[in-house]
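Since the structure is predicted, the reported quantities are computational estimates derived from the model, not experimental observations. Just follow the structure's listing: the first ligand is 1, and inside any ligand the first atom is 1. By convention here, the first residue in the shown sequence is residue 1.
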Amino acid sequence: MTQYDVAIIGSGPGGYVAAIRCAQLGMKTAIIEKYSTLGGTCLNVGCIPSKALLDSSHHYEDAVKHFSDHGIEIPGEIKVNLEKMIGRKQTVVDQTCAGVKFLMDKNKIEVYEGVGSFKDATHLNIAKNDGSTETIEAKNTIIATGSKPSSLPFINIDKKRVITSTEALKLKEIPKHLIVIGGGVIGLELGQVYKRLGADVTVVEFMDRIVPGMDGALSKELLKVLKKQKVKFNLSHKVKSVTTNGDEVVVVADDKKGQEVTFKGDYCLVSVGRRPYTDGLNLEAAGITMEKNGTIAVNDHLQTNVANVYAIGDVVRGAMLAHKAEEEGTMVAEILAGQKPHIDYNLIPGVVYTWPEVAAVGKTEEELKEAGIEYKTGQFPMRALGRARASMDIDGFVKILADKTTDEVLGVHMIGARVADLIAEAVTAMEFRASAEDISRMSHAHPTYAEAVKEAALAATADRALHI
Ligand SMILES: Cc1cc2nc3c(=O)[nH]c(=O)nc-3n(C[C@H](O)[C@H](O)[C@H](O)COP(=O)(O)OP(=O)(O)OC[C@H]3O[C@@H](n4cnc5c(N)ncnc54)[C@H](O)[C@@H]3O)c2cc1C
């Protein structure tokens with residue numbers, strides 16, 4: 001029986017990063033993945049393919065709607081070749097997954113293709129995809145089995161007309177009318193893809209706001225901009241049935257007054273969140289306990305109740321984000337090597353890759369109010385930037401929340417062009433516990449979108465933004 005210092009179940013961003021870090025630290029490492037491609041949700045059916053389609057559809061929208069503003073004229077009709085667009089996305093996915101396989105080989109990590117499950121706390125059974133089975137011994141195991149789309153109990157996801165994000169990434173036709181249940185990140189990103197390609201898109205959301213959990217000002221601004229892009233929103237609507245009739249999908253909901261509303265479309269994307277995935281792991285055999293919400297119970301060191309078993313990523317508490325899973329993978333590897341790593345969960349940024357993009361780190365205004373922390377606000381609109389006017393991306397703003405007494409930056413909330421990249425400055429500043437004045441005194445290249453960060457910091461420091 002082959003023995004390992006560490007075996008990792010699941011090859012998503014949590015699992016494969018943990019594997020690389022374990023190998024770097026000199027551990028004999030194995031990774032078990034049930035699919036034939038490595039990379040998990042993120043690379044196969046999540047972050048990467050969704051961004052590939054967001055980019056392609058953005059180019060199309062620019063060509064149709066914005067090129068002429070720049071004096072670029074395209075004779076004839078501009079058409080979408082959806083098959084080619086989806087094909088390009090798949091090429092990007094294939095290349096990225098192959099990159100993970102390359103990294104496994106480079107770091108001499110043994111890859112097992114099959115379903116991993118616990119025989120006991122130090123032995124794992126692998127039901128291999130070629131039909132054979134193998135048992136390996138692992139001093140330590142890291143569970144990184146991720147998550148799956150969740151649904152509502154009364155919805156039958158037929159994967160044809162009533163779909164999850166996975167099917168939405170490989171549709172064979174552009175929907176005429178896509179009904180999106182759930183106004184969170186995934187629903188809005190994929191909704192925007194198909195809106196740009198010509199679909200009517202209707203979002204039905206239970207809460208009274210979109211992207212719940214983000215700062216209220218971001219929700220409001222994103223709603224305003226997406227409405228301008230003709231996405232329809234029905235907030236405070238409780239969906240109570242989804243049925244299909246041939247090519248038609250009928251969604252029935254109660255609005256906030258309790259009145260029944262019916263939506264008819266040809267596709268319905270159910271994007272009501274994701275659930276931790278532990279099916280088939282046989283956790284009981286190792287005596288591993290779970291939380292009521294289906295996550296694996298872990299302590300601050302991501303250790304389960306069984307001392308040599310750890311769990312990371314979407315399958316444990318916290319934000320379901322690829323970069324959070326990666327940090328946790330690194331952390332567990334370093335703990336196993338006897339180091340003392342630390343993750344500041346407050347400083348894990350959240351991003352929505354719609355256009356304009358939305359990005360945030362630290363506390364929201366709502367959280368600061370609830371905690372009774374006195375704060376000051378500095379906000380700067382993108383439209384006041386020369387860079388934004390040059391590119392005609394004038395929607396959005398940067399908002400900085402700083403402690404009223406110490407001026408320490410407590411939260412940064414952005415909406416606008418390229419803010420998914422811009423948020424890294426805020427994370428860096430907050431990691432070093434910068435004050436708003438610190439940011440305001442740093443030189444920011446001109447003309448850039450980043451100048452909005454400096455201006456918002458000036459506004460927060462002493463209400464002295466320069467360009468407004
Ligand atoms: C459409 C979409 C877009 C997204 N966009 C973003 C984004 O832009 N940014 C971001 O940060 N996050 C994004 N996410 C979320 C991100 O994909 C997840 O947070 C991330 O993949 C979690 O990583 P993980 O390693 O915990 O698990 P996963 O990536 O889910 O990987 C788990 C792996 O474990 C395997 N597995 C499960 N059980 C077993 C078993 N018993 N044996 C062997 N293998 C097993 C699975 O097959 C899978 O490959 C997106 C998600 C979706 C669906």
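Ligand 1 has a nitrogen or oxygen under 3.5 angstrom from a nitrogen or oxygen of Lys51. On a distance-only criterion, Ala322 and ligand 1 share at least one N/O pair closer than 3.5 Å. In terms of polar-atom proximity, Gly14 is counted as a contact of ligand 1, with an N or O under 3.5 Å from an N or O of the ligand. For the pair Glu189 and ligand 1, the shortest N or O to N or O distance does not fall below 3.5 Å. For the pair Ile312 and ligand 1, the shortest N or O to N or O distance does not fall below 3.5 Å. At least one N or O atom of Leu321 sits closer than 3.5 Å to an N or O atom of ligand 1.
With salt bridges taken as basic N to acidic carboxylate O contacts below 4.0 Å, one links Arg161 and Glu173. Classification of Lys51 and Asp55 as a salt-bridged pair fails, no side-chain N sitting under 4.0 Å from a carboxylate O.
Judged by the 6.0 Å and 45° rule, Arg418 forms no cation-pi pair with Tyr449. At least one test fails for Lys238 against the ring of Phe206: distance under 6.0 Å to the centre or angle within 45° of the axis.
Close to ligand 1: Gly114, with a non-hydrogen atom less than 4.0 angstrom away.
The side chain of Arg274, and not its backbone, has at least one atom closer than 4.0 Å to an atom of ligand 1 (non-hydrogen atoms only; side chain from C-beta on). When heavy-atom distances to ligand 1 are checked against a 4.0 Å cut-off, Leu281 comes that close only through its side chain, counted from C-beta outward.
Distance from atom 44 (N) of ligand 1 to its nearest protein heavy atom, with residue and atom name: Lys34 N, 3.2 Å. For atom 49 (O) of ligand 1, the nearest protein heavy atom (residue, atom name, distance) is Glu33 OE1, 2.6 Å. Nearest to atom 42 (N) of ligand 1 among the protein's heavy atoms is Gly116 N, 2.9 Å. Counting only heavy atoms of the protein, atom 39 (C) of ligand 1 lies nearest to Thr145 CG2, 3.6 Å. Regarding atom 15 (C) of ligand 1, its nearest protein heavy-atom neighbour is Met320 O, 3.7 Å.
Among Gly15, Cys47, Gly46, the residue whose heavy atom lies closest to atom 16 (C) of ligand 1 is Cys47.
Near Gly40, meaning under 4.0 Å from one of its heavy atoms, ligand 1 places the atoms 29 (O), 31 (O), 48 (C), 49 (O). Taking every non-hydrogen atom of Val45 and a distance limit under 4.0 Å, the qualifying atoms of ligand 1 come out as 1 (C), 53 (C).
Side-chain polar atoms of Arg275 and Ser150 form no donor-acceptor pair below 3.5 angstrom. Judged by distance alone, the side chains of Glu365 and His413 never bring a donor and an acceptor atom under 3.5 Å apart.
The shortest side-chain heavy-atom distance between Leu152 and Val270 does not fall under the 4.5 Å cut-off.
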